[in-house]
Amino acid sequence: MAKNLVIVESPAKAKTIEKFLGKDFKVESSFGHISDLPSKELGVDVEGDFNPKYEVSTDKKAVVKKLKDLAKKAEMVWLASDEDREGEAIAWHLAETLKLDKEKTKRIVFHEITKSAILKAIENPRGIDYDLVDAQQARRVLDRIVGYELSPVLWRKVKGGLSAGRVQSVSVRLIVEKERDIQGFSPVASYRIDAEFSNEDGQSFKAKLPKNFSTKEEAQKFLEKNAQADFKVADLQQKPAKKSPAAPFTTSTLQQEASRKLYFSVSKTMTMAQRLYEAGLITYMRTDSVNLSDEAKKGAEAEIRNAYGDKYSKSRNYKGKAKGAQEAHEAIRPTNFAVHSVDIDYDQARLYDLIWKRSIASQMSEAELERTNVKISASTHKETFTANGEVITFDGFLKVYLEGTDDEDLDEQDGMLPAMKTNETLLNSYITATERYTRPPARYTEASLVKKLEELGIGRPSTYAPTISTIQNRNYVEKGTIDGEERNYSQLKLQDGTVNDVTLSEKVGSDKGKLVPTDIGMIVTDFLVNHFESILDYSFTAKVEADFDEIAEGKEDWKKMMRSFYDNFHPIVEDVKENADRESGERILGEDPKTGKRVSVRLGKFGPMVQIGTVDDEEKPQFASLSPDQQLNSITFEEAMDLFQLPKNLGNFEDEEVVVNNGRFGPYVKFGDAYVSLPKGTDPLSVELDDAIVLIKEKQKADAPIYMYKDLPVQKGKGRFGPYIKWNNLFINVNKKYDWDNLTDDEIVELIEVKIQKEIDKVIHNWEEEGIRVEKARWGRHNVIKGKIKVELAKTVDVTEMTLEEAAKLIEAKTPKKKARKKAAPKKAAAKKTTTKKTTAKKK
DNA sequence: CAGTGAGCGAGCTTCCGCTTGACTT
């Protein structure tokens, strides 16, 4: 038995450290936090002294049990979680939960996973820093209070199931305000002047005028002035310049670069990085530090000298400037610089390549450039043209890597200019005046939102990716596709002494995959900004972070801070709950020509809707849902009225009615009992019977059984998780090993039989008569299942001895106790309701 | 999966950060 137990946060880290420490040390992982506030209640004593109620998280019970056993046997327990607020709290929760003996417990910290750093840490243990722990408790409790007090206000005043929080609500606000900036933007046109000249040797180059002309007339006049002009080099300046490499990657900059260069989503970047980390190829991927260990710098230097030569090497230190950075780790870098590339999964390899290059470049010398600025004067007017050239005289770090940019307006790269002398006569080949429009602000991408959040100090490396998923899952924001519009612009061209006018066209405003707010996102943001301005303030996090820092330094008591925050915040919550109007995004569009009743749109219980009439009318109002691609704030009266034509009966096909309608998942055609989705964005009113029949036939063909197995049909399709085959309600994913388009009968049988065996292996108990069974489930847990009802058990529950009575009891407890509400609503409806509920819950 | 929408009112929803990994259609 090892004498020492070391506890770190991540299992991959545990593995590495164990190698450094030898056989007297056993290194285990806590898998992050082990305790947290309960999810079903506030869990904070707001009346009293804000005492938090901590519980061991259900999925950590087994971990805690294991660590407890090991700790009992060890002579010394070393708490080695990260040296930041959260890490300190983890160490504290471990000490409390495992009931560690103070004499036998030591707290150690290190910022890099190197042998020397670990050994040094072991020699310099300390106790738990309770000030830092308190700072974490303040952070945790504040987030809980904000989230769990604001969300219910939204349920009452906007719509059920919504959520608000310090991070997510501000993220959505950023996107909403950006969208409004874009909507409110009106482009201004002006004329940009470009020219081409050639020197006495006949070598040509491009130049431009530093100013634009606001009208076509002025531009025309200017071009005409140049028709008879002589041109010469009025001024020529050459100066050396330097470019320095960017700092090594943090989580945020890695996400941005992977988005710009590899087109990865933020979550894809993190998944790929996690794999590389687990394979021991890179350092920890959730970090806000740009620091490299001495060992890493030496490794990079050796590799640079070896691969590129001594003059390419330059040791550099980088300073972090991110707000609220806690720097518990190194920057993201390869663990071994000698590994230039890795032969694994394609995307992992590409991400590794990016990390390797960025890290290596960060330790390389500057690139040296020669910049040339030329001013060109004309004999007939005072304006001067300019031409800029750039020549790389020593490539330095550029040999390896250049950081990408988000700037869309970037001029084409300055290239080389031909040799020229001051006063040299130049020949003009042409001058153009092109109508250019100012551009609206750019919408956020996932990665540029992360960048903005980091600048504001909002969120942490471990939460950037989840936050972006949350605001999309909550339907506040979506990745939109916006079709651009054609726009004409004119271009005047002076050539051979005459000015010609042409009209050209360009596509503007198209955007793909950018973050766009939904109706709900806008309504919720408006509501929160109106009533909780201080929480939605972009500097709210920065302000409370300053308080947390005071607490961490021991200068402020965390409970006092919470009291002053809460006494301010809570009365506002109560007041808004009581007095604020509902926020429904209502717009009145006009009057129904038939009845004269009011036509309005608003957010209803089930989403955006249009209604004719009001509740005060004698007759019940008519309702219709907006289609998924329509917005409350932009729908027109005509579009709204059209929605009442649905569902529309198109006629009959094979003796069945064909009906077109908008559903929860977009427009669809119903044919008998079968549903066929229409392509996204289709206007259901434009669909004719013939179109529908084509679609129905296609669908029938696609659904046609490809094989019969045990007298049951086998179908194939492509779902969210790739190609699959379906048999007897079993979905079987078909991986790349198989040719899904041309599956042979043998392969189909093989796939089905393997799946059946898997299903059988899952079952631990099966009481067929009662229809209750116990199955293996995710994360080493088990489920008790009866029909649609599923009870997920904690990891620690041993099910091998479970009896039917126990299982039935569990099912009983979970069975919805529904009173028979109305005679008209039979059991079927109730059953249906639970199913819908389940599927929506699963989706989240 | 493809309905509904007010009102009875019960019973549900929710946060941010630290981890990993089995599972969706």
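Keep in mind the model is a prediction, meaning the values are calculated, not measured. Proteins get letters first, then strands, A, B, ... in listed order; numbering begins at 1 in each.
For A:H329, the side chain to side chain donor-acceptor pair (under 3.5 Å) criterion is met by A:D82, not counting sequence neighbours. Judged as a salt bridge (Lys or Arg N to Asp or Glu O under 4.0 Å), and not counting sequence neighbours, the contacts of A:R107 are A:E88. With sequence neighbours left out, the ring pair (Phe, Tyr, Trp, His ring centres under 6.0 Å) criterion links A:H111 to no other residue. In this structure A:D143 satisfies the salt bridge (Lys or Arg N to Asp or Glu O under 4.0 Å) test together with A:R139, A:R166, sequence neighbours excluded.
Among the protein residues, A:G160 comes within range of the nucleic acid bases, having at least one heavy atom under 4.0 Å from a base atom. Using a 4.0 Å heavy-atom distance criterion, A:K159 is classed as making no nucleic acid contact. Residue A:S39 is classed as a base contact, given a heavy-atom separation below 4.0 Å to a base. Using a 4.0 Å heavy-atom cutoff across all strands shown, A:E149 reaches no nucleic acid atom at all. Using a 4.0 Å heavy-atom distance criterion, A:S81 is classed as making no nucleic acid contact. If you check every strand for non-hydrogen atoms under 4.0 Å, A:V167 touches sugar and phosphate atoms only. Residue-level contact check: A:G459 touches the backbone only, with heavy atoms under 4.0 Å from sugar-phosphate atoms and none from bases. Counting any heavy atom pair closer than 4.0 Å across all strands shown, A:A164 reaches sugar-phosphate atoms only and no base atom. Nucleic acid contact class of A:G165 (heavy atoms, under 4.0 Å, all strands): sugar-phosphate only.
Atom pair A:K670:NZ and B:dG3:C1' shows a separation of 11 Å (rounding to whole Å applied).
Dashed line: the shortest gap from a side-chain N or O of A:Y284 to OP1 or OP2 of B:dC18 is not under 4.0 Å.
Ring-plane geometry between A:H531 and A:F527 is classed as tilted, the angle between the planes lying from 30 to 60 degrees on a 0 to 90 degree scale.
Within residues 134-142 of chain A, the residues having any heavy atom closer than 4.0 Å to DNA chain B are, in order of number, A:R139, A:R140.
A cation-pi arrangement is present between A:R144 and A:Y148, with the terminal nitrogen or guanidinium carbon under 6.0 Å from the aromatic centre and inside a 45° cone about the axis.
Here A:F31 does not lie in a stacked arrangement on the base of B:dT19, lacking the combination of planes under 30° and ring centres under 5.5 Å apart. B:dT13 has its base stacked against the ring of A:W155, the centroids being under 5.5 angstrom apart at an interplanar angle below 30°.
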Under a cut-off of 3.5 Å for both distances of each Watson-Crick or G-U pair, what dot-bracket string does DNA chain B give, using [ ] for crossing pairs and | for inter-strand pairs? .........................

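Interface remark: the A:S10 side chain does not form any donor-acceptor pair with the B:dT20 base, using a distance-only criterion of under 3.5 Å.
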